[in-house]
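Notes follow once the structure below has been shown.
Along the sequence shown, the residues carry numbers beginning at 1. Note that the structure is a prediction, hence the values are computed from the model and not measured.
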Amino acid sequence: MSEASDLPVRDQGQQSAMIKRLALEAGFDLAGIAPAVTPEGYHQFLDWLNQGYAGEMSYIERRKEAYQHPQYVMSSVKSVLMLTLNYRTEEPPPRSGTEARISRYAWGSTDYHSVIRKKMKQLSQRIREHFPDCETRGVVDTAPLLERDFAQLAGLGWIGKNTLLLNQTEGSWFFLAGMLLSDELDYDEPFQTSHCGTCTRCLDACPTDAFIDAGTLDARKCISYLTIELRDQPIPLELRTGLQEWVFGCDVCQDVCPWNRKAPVSRERSFQPVEEFSPLDAVELLSLDATAFQERFQSTPMSRARRAGLLRNAAIVLGNLGDSSALPVLLKSLHDSEPLIRGAAAWALGNLGGAGVAASLEARLAIEPEAEVVQELEWARAEIKKQGE
């Protein structure tokens, strides 16, 4: 008998069941397996890019060909294990005064990437213990993989009208992660139906009208994009009031989704709310210098917005809230070293008005070197003049 015929026959069904069980033991909430193929949504993704809906997220455009197949992430891939990890926690106290809102996924003390990567490392080690020849690579929204398409292909849910993956028992309050595997496995049945029905609550509730239609998001108008990804530029003037009190991310389309009413609460300790983050005081945030900002946010998702972006957002939120107690910190921020913060502070002061504001704007105008900030100051001056007429 040949040496090859002496090798044990690998049972794909048993291996698939074992891998999914190991995923749940590692702390993930759902697990499904899909074949490594070109996802059905790839051409729709290219159309979305061509329409310019990705905004300044040029890294997506640079890697657009790589999204065509998981082999561009791991050449030996045959299967994609899709995983979910719940992050819903108990509701925070109601917002008041100058408190701002941040997206639920950032309420905890640790960046979710670190939490998931730790679990995926553990899972990868366990898989190799049982299947030594199986190559693995974990992906947590940083590699070119259309996670939602593969999650649907793995039977974990459907892509809702708000473009998020929805599950009938888990809602949408979960992170998606993928593990690429070099073994061919038994695959789960794709999720074929949508359970959004005629509901359009997510589309109707969006404060900035970011949805072109059901399933199509113009990221350039999305509050999450504006407050996180657009971190080096002023937020377009016409979209600022739509930010409302959101200083980092946005949960509106998830908050109103009926499928989230009974979504389970996360068991993950790292996702439990830090009191000072839910909600977050915008006046205090706008007071942070570079060192204090780094100390407070370096290990959290909010570090992605950087100091200039996050404090710009805080100034806009204060302008929207209209609380006069914010005037001192906004006036001080007119002289911040970051032009982005100075401009946003000027805009907020133009909204709030108040004694001495016009004079402070004039004084800053006299010394302001940045053209974009000069425009913000002039706009604010004109707004205050209108208020006095």
task = In plain terms, say whether D213 and K161 are close enough for a salt bridge, that is, a side-chain N and a carboxylate O under 4.0 Å apart.
result = no

ask   = Within the side chain of W48, is there an N or O that forms a donor-acceptor pair under 3.5 Å with the backbone of L217?
value = yes

ask   = Is the CD atom of Q168 crowded by more than 12 outside heavy atoms at less than 6.0 Å?
value = yes

message = I'd like to know if D281 and R95 make a salt bridge, using a cut-off of under 4.0 Å between side-chain N and carboxylate O.
response = no

request  = Take D255 and R101, measure what salt bridge (charged side-chain N to carboxylate O under 4.0 Å, His left out) needs, and give me the verdict at the end.
outcome  = CA-CA 13 Å; D255 284 334; R101 294 187 67 185; 3.4 Å; yes

Just list the side-chain donor-acceptor pairs under 3.5 Å for residues 195-203, sequence neighbours left out, or say none.
unit_1: H195; atom_1: NE2; unit_2: T193; atom_2: OG1; d: 3.1
unit_1: T200; atom_1: OG1; unit_2: D204; atom_2: OD2; d: 2.8

message = Give me the atom names and distance for the closest heavy-atom approach of L226 to P236.
response = CD2-CD, 4.1 Å

query = Which residues pass the ring pair (Phe, Tyr, Trp, His ring centres under 6.0 Å) test with F45, sequence neighbours left out?
reply = Y67

ask   = More than 12 heavy atoms of other residues, nucleotides or ligands under 6.0 Å from CD of E61: is that the case?
value = yes

message = Once ring pair (Phe, Tyr, Trp, His ring centres under 6.0 Å) is applied, do any residues pair with F211, and if so which ones, sequence neighbours excluded?
response = none

ask   = Does D251 reach the main-chain N or O of Q254 with its side chain, forming a donor-acceptor pair under 3.5 Å?
value = no

Whether S76 side chain and S182 backbone form a donor-acceptor pair below 3.5 Å = no

ask   = Between T38 (side chain) and Q68 (backbone), is there a donor-acceptor pair under 3.5 Å?
value = yes

message = Can you confirm whether or not the ring centre of F277 sits under 6.0 Å from the ring centre of W107?
response = no

ask   = Okay, side chain of R307, backbone of E338: is any donor-acceptor separation there less than 3.5 Å?
value = no

query = Just by distance, do the side chain of N320 and the backbone of R240 share a donor-acceptor pair under 3.5 Å?
reply = yes

NZ/NE/NH1/NH2 to OD/OE distance under 4.0 Å, R128 and D133 = no

query = Do the rings of W173 and Y87 sit parallel, tilted or perpendicular, given the 30° and 60° boundaries?
reply = perpendicular

Main-chain N/O of V329 paired to S333 side chain as donor or acceptor, under 3.5 Å = yes

query = Looking at the rings of F248 and F297, which for Trp means the six-membered one, are their centres under 6.0 Å apart?
reply = no

key: Check ion pair E91-R104 (N to O, under 4.0 angstrom)   = yes

Heavy-atom pair with the smallest gap, counting every atom of G242 and P207 = O-CB, 3.2 Å

inquiry  = Test your reading of the model: is there a side-chain donor-acceptor pair from S266 to the backbone of N86, 3.5 Å cut-off?
reply    = yes

message = Nearest 0.5 angstrom please: I127 CD1 to L181 CG, how far?
response = 5.5 Å

inquiry  = Given 3.5 Å as the limit, does a donor-acceptor pair link the side chain of R381 with the main chain of A358, or not?
reply    = no

ask   = Are the ring centres of F175 and F271 closer than 6.0 Å?
value = yes

inquiry  = I'd like to know if E376 pairs up with R364 as an ion pair, taking the criterion as any Lys NZ or Arg NE/NH1/NH2 lying under 4.0 Å from an Asp or Glu carboxylate oxygen.
reply    = no

